[in-house]
Amino acid sequence: MALLNIQFSQEELQQATADDVAPTPAGIYTAEITRSEVKDTRAGTGNYLSLGFKILEGQYAGRIVFHNINLKNPNDIAVQIGRKELAKLLQAIGRTGVQESSELHGIPMQIKVAIEIDKTGQYEPSNSIKNFAPLKGSRPQAQPQQAAPVQSAQDDLPPWQRG
């Protein structure tokens with residue numbers, strides 16, 4: 001156990017919690033994905049991609065906004081919506097596909113953040129992401145192209161003559 005001997009004023013305590021409780025105001029922000037994980041749905045009948053976007057600029061820099069994208073679901077419409085969202089996200093970062101979710105990390109893009117109000121009154125207002133777009137004034141990052149294999153004169157020879 002370490003002795004800390006730290007005290008906070010009431011003002012410091014109120015400031016520390018006030019900024020964290022309120023959702024990020026609706027608007028368009030420059031952000032990048034800093035975390036990703038595929039999770040099973042509560043019902044166990046599908047899965048989704050859980051993403052954390054870190055805002056990079058402005059007054060709310062450093063804040064994290066979370067977003068989920070359906071991957072597998074018994075409801076075909078939910079899957080179609082998820083594929084459309086993922087396609088928009090990939091387009092915003094200049095990609096046409098990914099093998100692993102970590103390939104989405106660290107690429108700046110614009111996100112359109114909204115505030116969702118729970119109609120039941122059970123939960124506090126929270127953020128949701130309504131759109132993804134490339135950064136304005138810049139071209140999206142191009143997807144790396146694989147180089148064509150280099151052929152040598154020996155490649156034209158039958159295997160027993162290659163040496």
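Starting from 1, each residue takes its place in the sequence as its number.
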Checklist entry - So Leu51 and Ile69, side chain to side chain contact (heavy atoms under 4.5 Å, CB included) or not? Walk me through it. => result CA-CA 8 Å; Leu51 300 168; Ile69 298 176; 3.9 Å; yes
Item to check | Backbone N/O of Gln122 and side chain of Asp118: donor-acceptor pair under 3.5 Å | outcome: yes
Checklist entry - Would Ile93 end up clustered with Leu71 when hydrophobic side chains under 4.5 Å apart are linked, directly or stepwise? => result yes
Checklist entry - Who pairs with Phe66 by side chain to side chain contact (heavy atoms under 4.5 Å, CB included), at least two apart in sequence or on another chain? => result Arg35, Ile64
Checklist outcome for this item: Residues at least two apart in sequence or cross-chain that pass side chain to side chain contact (heavy atoms under 4.5 Å, CB included) with Ile77, listed by chain then number, are Asn75, Ile81
Checklist entry - Tell me, which pairs form a side-chain hydrogen bond (donor to acceptor under 3.5 Å, both in side chains) where one or both residues lie in residues 79-89, sequence neighbours left out? => result His67-Glu85
Checklist entry - Glu32: what forms a side chain to side chain donor-acceptor pair (under 3.5 Å) with it, not counting sequence neighbours? => result none
Next on the checklist: Using side-chain heavy atoms (C-beta onward) and a distance below 4.5 Å, is Pro23 in contact with Pro125?
Outcome noted: yes
Item to check | Partners passing side chain to side chain contact (heavy atoms under 4.5 Å, CB included) against Asn70 (at least two apart in sequence or in another chain) | outcome: Tyr48, Asn73, Ala78
Next on the checklist: Can you give me the closest heavy-atom contact between Pro108 and Gly106, atom names plus distance?
Outcome noted: CD-O, 3.5 Å
Next on the checklist: Under the criterion side chain to side chain contact (heavy atoms under 4.5 Å, CB included), I'd like the reasoning laid out for Phe53 against Ile129: C-alpha separation, chi angles, the key distance, then a yes or no.
Outcome noted: CA-CA 10 Å; Phe53 291 79; Ile129 297 176; 3.4 Å; yes
Item to check | Derivation and outcome, side chain to side chain contact (heavy atoms under 4.5 Å, CB included), residues Ile33 and Ile107 | outcome: CA-CA 7 Å; Ile33 295 172; Ile107 305 170; over 6 Å; no
For residues 109-116, run the donor-acceptor check on the side chains, cut-off 3.5 Å, and write out each pair with its distance to 0.1 Å, sequence neighbours left out.
unit_1, atom_1, unit_2, atom_2, d
Glu116, OE2, Ser128, OG, 2.9
Glu116, OE2, Lys130, NZ, 2.9

Checklist outcome for this item: Hits for side chain to side chain contact (heavy atoms under 4.5 Å, CB included) against Glu103, two or more places apart or cross-chain, chain-then-number order -> Arg95, Val98, Gln99, Glu100
Checklist outcome for this item: The side chain to side chain donor-acceptor pair (under 3.5 Å) partners of Asn5 (sequence neighbours excluded) come to none
Checklist outcome for this item: So OG of Ser50 and NZ of Lys39: to nearest 0.5 Å the spacing works out to 4.0 Å
Next on the checklist: Quick check for you: to the nearest 0.5 Å, what is the distance between Thr34 atom OG1 and Ile55 atom CD1?
Outcome noted: 11.0 Å
Checklist entry - Please walk me through it: do Leu104 and Leu49 pass side chain to side chain contact (heavy atoms under 4.5 Å, CB included)? => result CA-CA 11 Å; Leu104 304 170; Leu49 180 61; 4.1 Å; yes
Item to check | Residues forming a side chain to side chain donor-acceptor pair (under 3.5 Å) with Ser36, sequence neighbours excluded | outcome: Ser101, His105
Checklist entry - Between Leu56 and Phe132, is there a shared hydrophobic cluster once you connect ILVMFWY residues whose side-chain heavy atoms come closer than 4.5 Å? => result no
Next on the checklist: Distance check, rounded to the nearest 0.5 Å: Leu86 atom CG versus Gln91 atom CD?
Outcome noted: 12.0 Å
Checklist outcome for this item: Residues pairing under salt bridge (charged side-chain N to carboxylate O under 4.0 Å, His left out) where one sits in residues 49-62, two or more places apart or in two chains, turn out to be none
Next on the checklist: Could you check whether any side-chain N or O of Thr45 sits under 3.5 Å from a backbone N or O of Pro74, counting only pairs where one atom can act as donor and the other as acceptor?
Outcome noted: no
